[in-house]
Amino acid sequence: MCGIAGIVAHSPVNIDLYESLSVLQHRGQDAAGIMTCEDGRFFMRKGNGLVRDVFYSQHIKKLTGNMGIAHVRYPTAGCSSSLEAQPFYVNSPYGIALAHNGNLTNTESLKEQLFIDDLRHLNTESDSEALLNVFAHELNILAKPVFDRDDIFKAVSAVHRRCRGGYAVIAMIVGKGVLAFRDPHGIRPVVYGKREVAAGTEYMVASESVALQAQGFELVRDLAPGEAVFIDQDCNLSSQQCAKNPKLVPCIFEYVYFARPDSIIDNVSVYKSRLRMGQKLVQKILRERPNHDIDVVIPIPDTSRSTALEVAYHLNVKYREGFIKNRYIGRTFIMPGQHERKKSVRQKLNPIDLEFAGKNVLLVDDSIVRGTTSKQIIQMAREAGANKVYMASAAPPVRHPNVYGIDMPASEEFVAHNRTVEQIAEVIGADWLVYQDLEDLVEAVKKGNKELDEFDCSCFNGEYVTNDVDGDYFRRLQDKRKDDAKNKKEDQTSSETVEL
């Protein structure tokens, strides 16, 4: 998962882009990058690490210009080389920079086409570089000495024809403007907003509405699936539908885990959706455990707080904060390797013994993927004196890899792989375990926007909306996503930063 942002303004955008990345830091902690444009030149700074570690004041000062794009990244296939930090750049046509959130499912065939048919060289394993070169090639075919924005939309249409998967893209063309587009299924989120200043209207595009709000931009709307928006350097905005048969099928895991609760995605409040997840979850707990002996409900911070509040309220038991979170440790779900995840859990969370001692505790989490974190947290609760430890997940069992931009592991690394709920409970050490039903999760999110007919729930049900995922693809994916493969790649990566 990654975060993208782009701004076209009447004054320098470097500070706003930096602060936008800080707001979107939860979407990627592996690398960060900003590229701006002024007087026909690109200025870039990118590298591995958190936003605050990549950018210092001297770097921000060099990022001059009134338009720019930015990116925070975590690797969907385990590689954390700074060479794959974004944005990427090609010099023809015009000069194009691009940043991307998501994952292409036909990257291998695209690379072959780019090399053999389009005569383009790729320098990394990143599908974002492949996507950039597809767009650049298609625009180059249409390019004229006098810039034509209609050609941009035609090139985006060609990208939709050639590329498969989930993608939200932001690109910048030297001296021309900023472009954003969304895949024909709208799997990955992207919104745009406007800000009125004395000089006129300014525009911003970002993965989540919270990034717009933090910079004083008013949310206008989400990009429709397949839609492209172009903002020229004079802050004139135009949009066009560029896909033949678009259909909105957003990723439901955005609402479960990735997005900030103060964001609105496809007209659904993430916070409200998580409250409704709690309402649905508690109904199942009462169905399966009508004679429960729960004394206290404790969330596993931070994502599950809203859900846990509703569970406690409807169970009519106490809600307590039983874990204190170290704010300086990253999200363990997106740690690159199993060793790092194991090491970071106890660094990240510390139990308040008084809230556990002698009590029957229900721990509520947003989801359970590998089970590594859950197992350690349950052990911590027992060490803190809990009498019994129960577990409830706001999401169904994760049994299938996500192929559209979320770095879920190889299937055999899921704790739910070939296990019943009772067996999973035994593995993680819970006295009992309750999962949300998929239909209840869908209803909890869908209630916020009745126009949403379906979601990408592939990690729960194995149904992939692009219809191009087969056994060979999964075998290649698993080779990249297994923890031993990731750890090997981590040993090979450098710590360089890149600056233009």
**OP:** Mind checking the NE2-SG spacing from H400 to C457? Nearest 0.5 Å is all I need.
**Re:** 11.5 Å
Subject >> K446 bridged to E454 by N-O distance under 4.0 Å >> reply: no
Subject >> Derivation and outcome, side-chain contact (heavy atoms from CB on, under 4.5 Å), residues V178 and Y203 >> reply: CA-CA 10 Å; V178 168; Y203 289 97; over 6 Å; no
**OP:** In sequence, state the C-alpha distance, the side-chain angles, and the governing distance for E463 and S458, and then conclude on side chain to side chain donor-acceptor pair (under 3.5 Å).
**Re:** CA-CA 5 Å; E463 298 174 7; S458 53; over 6 Å; no
Subject >> Enclosure of K61 NZ (heavy-atom neighbours >12, cutoff 6.0 Å) >> reply: no
**OP:** Would you please test S263 and Y271 for side chain to side chain donor-acceptor pair (under 3.5 Å) and show each step?
**Re:** CA-CA 8 Å; S263 284; Y271 171 71; over 6 Å; no
Subject >> Pair S128, Q86: side-chain N/O donor-acceptor within cut-off below 3.5 Å >> reply: yes
Subject >> Residue pair E202, K194: steps toward the side-chain contact (heavy atoms from CB on, under 4.5 Å) verdict >> reply: CA-CA 6 Å; E202 301 176 330; K194 63 181 181 179; over 6 Å; no
Original post:
Distance-only, no hydrogens or angles: does the N236 side chain make a donor-acceptor pair with backbone N or O of D232 under 3.5 Å?
Top reply: no
Original post:
Passes side-chain contact (heavy atoms from CB on, under 4.5 Å), V174 versus R41? Steps please.
Top reply: CA-CA 7 Å; V174 172; R41 291 185 60 194; over 6 Å; no
**OP:** Start with the C-alpha gap between R195 and M204, add the side-chain angles, then the distance that decides, and say whether side-chain contact (heavy atoms from CB on, under 4.5 Å) holds.
**Re:** CA-CA 8 Å; R195 179 173 66 184; M204 178 176 178; over 6 Å; no
Original post:
So, do L139 and D151 sit near enough that their side-chain heavy atoms are less than 4.5 Å apart?
Top reply: yes
**OP:** Could you give me the CA-CA distance, side-chain angles and deciding distance for T105 and D468, then say whether side chain to side chain donor-acceptor pair (under 3.5 Å) is met?
**Re:** CA-CA 7 Å; T105 54; D468 63 340; 2.6 Å; yes
**OP:** Starting at CD1 of I265, measure out to OG of S209 and round the result to the nearest 0.5 Å.
**Re:** 7.0 Å
Subject >> Verdict with supporting geometry, Q113 and H137, side chain to side chain donor-acceptor pair (under 3.5 Å) >> reply: CA-CA 11 Å; Q113 292 171 16; H137 175 78; over 6 Å; no
Original post:
Does the gap between the ring centers of F42 and Y89 come in under 6.0 Å?
Top reply: yes
Original post:
Can you check whether I187's main-chain N or O pairs, donor with acceptor, with D183's side chain at less than 3.5 Å?
Top reply: yes
Original post:
Taking atom CD of E19 as the centre, does the number of heavy atoms from other residues, nucleotides or ligands within less than 6.0 Å exceed 12?
Top reply: yes
Original post:
Say you draw a straight line from CG of N449 to CG of D222; how long is it, rounded to the nearest 0.5 Å?
Top reply: 9.0 Å
Original post:
Does F147 CZ have over 12 foreign heavy atoms under 6.0 Å away?
Top reply: yes
Original post:
Out of curiosity, R276 CZ to S269 OG, how far, rounded to the nearest 0.5 Å?
Top reply: 7.0 Å
**OP:** Consider only side-chain N and O atoms of E129 and T124, and report whether a donor and an acceptor are under 3.5 Å apart.
**Re:** yes
Original post:
What orientation do F455 and Y255 show, parallel under 30°, tilted 30 to 60°, or perpendicular over 60°?
Top reply: perpendicular
Subject >> E38 side-chain N/O to G40 backbone N/O, donor-acceptor pair under 3.5 Å >> reply: no
Original post:
CZ/F217 to OG/S20 distance, rounded to the nearest 0.5 angstrom?
Top reply: 7.5 Å
**OP:** Over all heavy atoms of both residues, which pair between R27 and S207 is shortest? Give the atoms and the distance, please.
**Re:** NE-CB, 3.8 Å
**OP:** Let me know which of H160, H100, R188 forms a side-chain hydrogen bond (donor to acceptor under 3.5 Å, both in side chains) with Y167.
**Re:** H160
Original post:
So how far is it from R161 CZ to C242 SG, rounded to the nearest 0.5 Å?
Top reply: 10.0 Å
